[in-house]
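Take a look at the structure below.
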Number of protein chains: 2
Amino acid sequence: MNAEELLSQAKESCKKRGARFTLAREQVFKLLTRHSGAVGAYDLLDELKLIDPAAKPATIYRALDFLNKQGFVHKIESLNSFVMCHHFSECNHPVQLLICDTCGHVEEIQSSNLDLALRSMADATGFTISHQIVEAHGACQTCS
Amino acid sequence: MNAEELLSQAKESCKKRGARFTLAREQVFKLLTRHSGAVGAYDLLDELKLIDPAAKPATIYRALDFLNKQGFVHKIESLNSFVMCHHFSECNHPVQLLICDTCGHVEEIQSSNLDLALRSMADATGFTISHQIVEAHGACQTCS
DNA sequence: CGAGTAATGTTATAAAGTAAACGCTGAAAA
DNA sequence: TTTTCAGCGTTTACTTTATAACATTACTCG
Ligand SMILES: [Zn+2]
Ligand SMILES: [Zn+2]
Ligand SMILES: [Zn+2]
Ligand SMILES: [Zn+2]
């Protein structure tokens, strides 16, 4: 899935939902598609400042908040950073990430077994899951 | 597992490994055992200041770092906070947490299915896991 | 004891994230 | 067409979380 495809898919998705894909949001979206790994909000801000020198932390955080709510972007809690989702057409999918600590690449996986195992364990203790965080750190194939 | 049992177990464990369970570390350990849920480093610092007014951020972070490395305490990445582990005798176990967003209680679960599902998915893509983060947010039984 | 290492104290600062007040704008209602 | 108003963006200031750097003290072991 390349950058343009993702962008048009995002626009389409917003149109359907009546959400506004404004310039600021599109700019941040595009910046994110240029990274294959995690990007910090302030790194992103530095990049955004090159095309919009007036950008401030709130600019980035608001855009990221929107993109995250639309499911276009995932937050990586263990790195305080963000990564583009390449499967956002599959709404509300559980997020499962393999994060290479060597090269920084982030791979999003989809294991229903994993999701099931977590849900069944939660069920067993009467816990209702609203949001799950699964992040594995280590070394990717090329870095091993 | 009550507070005293945990404490003596921790002391024992340090003795075996030749790690120093110093006063500062013990104080922070004790403060943590008094919480059933997540505690922020600065909240903990406020509590510590009551018995050691000279305590500074570094004091807490160093103690937490030690306790975390010994496996006595887990960091909750999605809350930037910390929780006592009640199973630290089982060394290096994968950490899987159910976090109630209503009452703040944190339940540590042990699902080998979950661990297996993650590992097998990682294997399939040639990824070697060194550390995993599994945190589910939602509502516990009493809060549902 | 004395050298070497581990831990702590202290100060300062970096990094990440949020709040609140206010102005702009563009599309729906009148 | 004009009004109006909710959503978006800007700006300023601030809070929370975490670490760096370096001096000092405490413990361990030969
Ligand atoms: Zn995704
Ligand atoms: Zn890699
Ligand atoms: Zn544990
Ligand atoms: Zn609860």
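Reminder, nothing fancy here: chain letters follow the sequence lines and each chain counts from 1. What you see below is based on every heavy atom in this structure, not just the backbone, and it leaves out hydrogens, waters and symmetry mates.
Rounded to 10 degrees, the angle separating the terminal helix axes of the helix from C:dC1-D:dG30 to C:dA30-D:dT1, each built from five base pairs, is 30°.
For the pair B:K49 NZ and C:dG9 C1', the interatomic distance rounds to 14 Å; values are reported in whole Å. To the nearest angstrom, P of D:dG9 lies 12 Å from CD of A:E26. Computed from coordinates, the B:I60 CD1 to C:dA7 P distance equals 17 Å when rounded to whole Å. The separation between B:L23 atom CG and C:dT8 atom P is 9 Å, rounded to whole Å. Protein atom NZ of B:K69 is 12 Å distant from nucleotide atom P of C:dA6, rounded to whole Å. Straight-line distance from the CG atom of A:D46 to the P atom of C:dA14: 14 Å, rounded to whole Å.
An OP1 or OP2 oxygen of D:dG9 is reached within less than 4.0 angstrom by a side-chain nitrogen or oxygen of A:T22.
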Verdict with supporting geometry, B:H74 and B:H93, ring pair (Phe, Tyr, Trp, His ring centres under 6.0 Å): CA-CA 11 Å; B:H74 300 307; B:H93 60 273; 5.2 Å; yes
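Ring pair A:F72/A:F29 is perpendicular by interplanar angle, where above 60° counts as perpendicular and below 30° as parallel.
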Residues 19-26 of chain A, side-chain donor-acceptor partners within the protein, below 3.5 Å, at least two apart:
residue	atom	partner	partner atom	Å
A:R25	NH1	A:R20	O	2.7
A:E26	OE2	A:K30	NZ	3.2

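Pairs engaging residues 34-51 of chain B under the side chain to side chain donor-acceptor pair (under 3.5 Å) rule: B:H35-B:E47, B:S36-B:H105 [sequence neighbours left out].
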Under 4.0 Å protein heavy-atom contact, by nucleotide of nucleotides 25-30 of chain D - B base, S sugar-phosphate only: --S---
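Using a 4.5 Å cut-off on side-chain heavy atoms (C-beta onward), B:L6 and B:F88 make contact. Using a 4.5 Å cut-off on side-chain heavy atoms (C-beta onward), B:S81 and B:I76 make contact.
In this structure, a donor-acceptor pair under 3.5 Å is absent between the side chains of A:Q96 and A:D115.
Using a 4.0 Å cut-off between charged side-chain N and carboxylate O, A:R119 and A:D123 make no salt bridge.
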Interface polar pairs with nucleotides 12-21 of chain D, N/O, under 3.5 angstrom:
residue	atom	partner	partner atom	Å
D:dA18	OP1	B:K75	NZ	2.7
D:dA18	OP2	B:Y61	OH	2.8
D:dA18	O5'	B:Y61	OH	3.4
D:dA18	N7	B:Y42	OH	2.5
D:dA18	N6	B:Y42	OH	3.4
D:dA21	N6	B:R62	NH2	3.3

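A distance-only check finds no donor-acceptor pair linking the side chain of A:E107 to the backbone of A:I99 [under 3.5 Å].
More than 12 heavy atoms of other residues, nucleotides or ligands sit less than 6.0 Å from atom CD of B:E5.
Other residues sharing the hydrophobic cluster of A:M121, ordered by chain and number and joined by side-chain separations under 4.5 Å: A:L98, A:I109, A:L114, A:L118, A:F127, A:I129, A:V134, B:L98, B:I109, B:L114, B:L118, B:M121, B:F127, B:I129, B:V134.
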